[in-house]
Amino acid sequence: MAIIAEILAGLGLLFVGLKLMSTHLQQATGRRVRNLLRTATRSPLVGLLCGTLAGAATQSSNAVAIVSGNLVRGGVLTTRDAIPIVAGGNVGTAALVFVAAIDFRLLVLYLVALVGFGFQFRLDRRPAMKEWMGVALGLALALLGLDLIKHGPRALDVSTLAAVLGDGLPVWLGFTLGFIAAAISQSSSTPTILVVALMHAQVLGLGDAVFVVMGANLGSGVSALAAAGGLEGTGRQLCYVHVLVKGVGCVLVGALLGGAYLAGLDPLDALDQLGGHQASASLSILFLALQLAGAVPVSFARSLTEGIAARFSPPTVEDSASRPRFIHHRALEDSATGLDLAEQETMRLVKLMPNLLPDLDQQDASGPAERLALWRGATAIVVAIDQFLADLISRGMPRQSLQIALHLQALVETVRTLQDTLHGFTEVVEGFEDLPPLGFNLSESLRTIILSLADATEGDATDLDLIVTLAGDRSELLSRIRRQLGASALGTGTDARQLLLATSLFERGVWLVRRTAVALRAQENEANREGAAPEGAALKRVEADAHRT
C-alpha cells in the first residue's frame, strides 16, 4: 500500500506542478506566446519550431491547441497556419520525458529553497516576480512528483512480478494498458514516465515498454478529442489534427519496427544502443520519435491535413461570426490605422445587434441556435477588440490618440454589456410557450430601437440625437407595468415572473442603447480630429454626456 500511495502522491504532485507551471507561464508570457505563435505562419518548419517551444514551455499540447484555436477563431491564424503549431506542441512535451530520465533531486531542493526565500522576503508583491515564483514552485512540485514516481516501484518484489509476467506483456495487452492510462490522465507523457519508473525497478523490459508507450501515444490523442466535448467547427478541427499527429506517429514507428523484424534486424537492440544502454534514455528517444514521426508529415502535408480536419468538423455559423473583419495584428504598427480599424470593427458589431433579437412580427429566418451562435461570435469579437486596443496602448501613442483609444475601450465595454442584455432578453422571450401581448410589445419595441441604433451608425449626429431621445427615461412607464403585473392574478405565476424579468432587461437594454448613442455622438462630433475642440474640452463633453446617461 505504501508503494501505491507513493506513486499516487507523485502523480498528484506532477499534475499540480504542471498546472501551476502552465497557469503562471501563461500569465507571465501570455502575450509573448501569442506573438510567438503569430510568427508561425512563415513556413511549416517555423510553425513546427514555434509549437515545439510553446509545448516545451507549457508541457501541455492541449494548452497549445487551445491557444491556437482561439487565434484561429479570432481570425489571427487560419487552421492551415495552426496545424504545424499543434503538431509541434506534441514534440515539445517530450522534454518532460527526458527530464524524468535525469536525477534532479538536488535541483528540486534548490528550487524549493529559492521559492521559500522569495515568499519570506515578499518578492511576490511584484506581479511579474510573483508569476515566475509560481512557475518555479510548479516546476519543483512536478520534479518532486517525478522523483516519487521513479523511486516508488523500486520497493516492489521483482521476482514475484517476473513470475506473473512470465515472458513479458503480450503486445495487445501492453498497447491497451498504455491507451487506457493515457485516456484517463489525458496525457501521453504521464504513462511514459510511469513506464520509465517500472523499467528502473526492472519490472518491465524495453520490449514491453515500447508497446505501452505507443498505446499511450494514441490514447492521448483520442482523449483530447473526447475532452473537446461539444466544441464544433474550427475549434474541433485542431483536435482532429492532434489525433492525426498521434495516429500517424504510431503507424510510422510501428511500420518501422515491423519492417526491421521482417528484415531480420533487432530494432530494440538498436534503440538500446541509441540510449546508451540506459532504459529511460531509450524510452525517451522512442517517445520523441513517435512525436516527430507524426508531427513532421502532418505539418508539411497541411493541405491534406486541413481537408481531413474540415471533413470531420466543418466550419459553423459561430466560426464565421467570431472572426473579426477589420482588426489585424499587423495594424498594431500604426496607432492611427489601428484605431480606425478598431472603430470600424465596433461599428460592425452595432450593426449586427438586431440579429440577436427575434423578429416576432414576421416569419423569422433565423432560429434560437443561430442567434446563440451569433451572440457567442459577437462576444469573441468584443474580446478581440479589447485585446487589440490594449496591445495598441501598450506600444505607446500620442496623447490625443490615447484619449481616442480609451474612449473606444469604454464604447466596446458598453457594446459587450448591451449584447449580453439582448441575449438575456431573447432567452426570456423564447422561454414562453405562449408569449403574452406585453412580452410581444416589449420585444418588438426593443428591436425597433436597436434597428434605429444600427441605422444611425451610418448617419450623422442628428440621427444619434434622435436615438438619445427615443431611448429616454422610461422608468415611470415600466414601474407602472410592474405594479399592474404585481396586482394582477398572473402575479403569482411563472409567466409573471418572466415578464418582470423581461421588463427589467428591456429597461436595461434601452438605457444601454442611449449610452451607446451618446458615446457614438461624441465620436461623431470629433470625427474631424484635426479641427476638434481642445483635448480638455472634448474630454469634459464626453464625461458630461456619460454622466447624463
Side-chain angles (χ1 to χ4, degrees), residues 36-55 60-94 179 182 188 214-229 231-259 286-320 322-323:
L36 173 68
L37 297 183
R38 284 169 177 167
T39 64
T41 59
R42 298 176 186 173
S43 69
L45 180 59
V46 174
L48 192 62
L49 291 175
C50 290
T52 301
L53 290 174
S60 172
S61 55
N62 287 340
V64 176
I66 289 170
V67 173
S68 302
N70 289 333
L71 292 175
V72 169
R73 297 189 65 185
V76 178
L77 298 176
T78 64
T79 300
R80 179 184 173 85
D81 296 330
I83 287 171
I85 299 172
V86 174
N90 289 278
V91 178
T93 57
F179 186 94
S188 56
M214 291 181 67
N217 189 57
L218 185 60
S220 67
V222 175
S223 70
L225 190 62
L231 196 64
E232 298 178 350
T234 54
R236 196 174 183 86
Q237 285 178 8
L238 295 180
C239 295
Y240 285 106
V241 172
H242 192 64
V243 174
L244 279 173
V245 171
K246 299 296 188 181
V248 171
C250 285
V251 169
L252 291 181
V253 171
L256 179 63
L257 293 175
L286 172 66
F287 185 84
L288 178 60
L290 283 168
Q291 310 314 313
L292 286 173
V296 173
V298 165
S299 298
F300 284 88
R302 51 183 177 173
S303 296
L304 177 61
T305 303
E306 183 182 19
I308 294 173
R311 184 177 183 85
F312 281 100
S313 183
T316 63
V317 174
E318 185 177 340
D319 291 327
S320 176
S322 61
R323 181 160 299 183

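The shown structure was predicted, so the numbers you read here are calculated from the model rather than taken from an experiment. Position 1 is the first residue of the sequence, and the numbers go up from there.
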Fill in the blank from the handout: Smallest heavy-atom separation, Ile83 atom then Val298 atom, equals CG2-O, 3.6 Å
Practice task
Only counting residues at least two apart or in another chain, list the ones meeting side-chain contact (heavy atoms from CB on, under 4.5 Å) with Ser299.
Solution key: Leu48, Pro84, Ala87
Practice task
Check side-chain contact (heavy atoms from CB on, under 4.5 Å) between Leu257 and all other residues, then give those that pass, not counting sequence neighbours.
Solution key: Val210, Met214, Val253, Pro267
Exercise for the section: With sequence neighbours excluded, tell me which residues meet side-chain contact (heavy atoms from CB on, under 4.5 Å) with Pro315. Expected result: Gln237, Asp319
Exercise for the section: Apply ring-ring contact (aromatic ring centres under 6.0 Å, His included) to Phe179 and list each qualifying residue two or more places apart in sequence or on a separate chain. Expected result: none
Fill in the blank from the handout: Here the gap from His242 atom NE2 to Leu244 atom CG, rounded to the nearest 0.5 Å, amounts to 11.0 Å
Completion exercise
CD (Glu306) and CZ (Arg80) are apart, to the nearest 0.5 Å, by 6.5 Å
Handout entry: Backbone N/O of Ala301 and side chain of Thr305: donor-acceptor pair under 3.5 Å
Key = yes
Compile the donor-acceptor pairs under 3.5 Å between side chains in residues 288-297 and protein atoms, sequence neighbours left out, one pair per line.
unit_1, atom_1, unit_2, atom_2, d
Gln291, OE1, Lys246, NZ, 2.9
Gln291, NE2, Asn217, OD1, 2.9
Gln291, NE2, Phe287, O, 3.4

Problem - Taking every non-hydrogen atom, the tightest pair across Gly219 and Ala182 - result: C-CB, 3.9 Å
Practice task
List the atom of Arg236, the atom of Ser313, and the distance in Å for their closest heavy-atom pair.
Solution key: CB-OG, 3.4 Å
Completion exercise
Contacts satisfying side-chain hydrogen bond (donor to acceptor under 3.5 Å, both in side chains) that involve residues 249-258 (not counting sequence neighbours) are none
Problem - Thr52 (side chain) donor-acceptor with Gly89 (main chain) under 3.5 angstrom - result: no
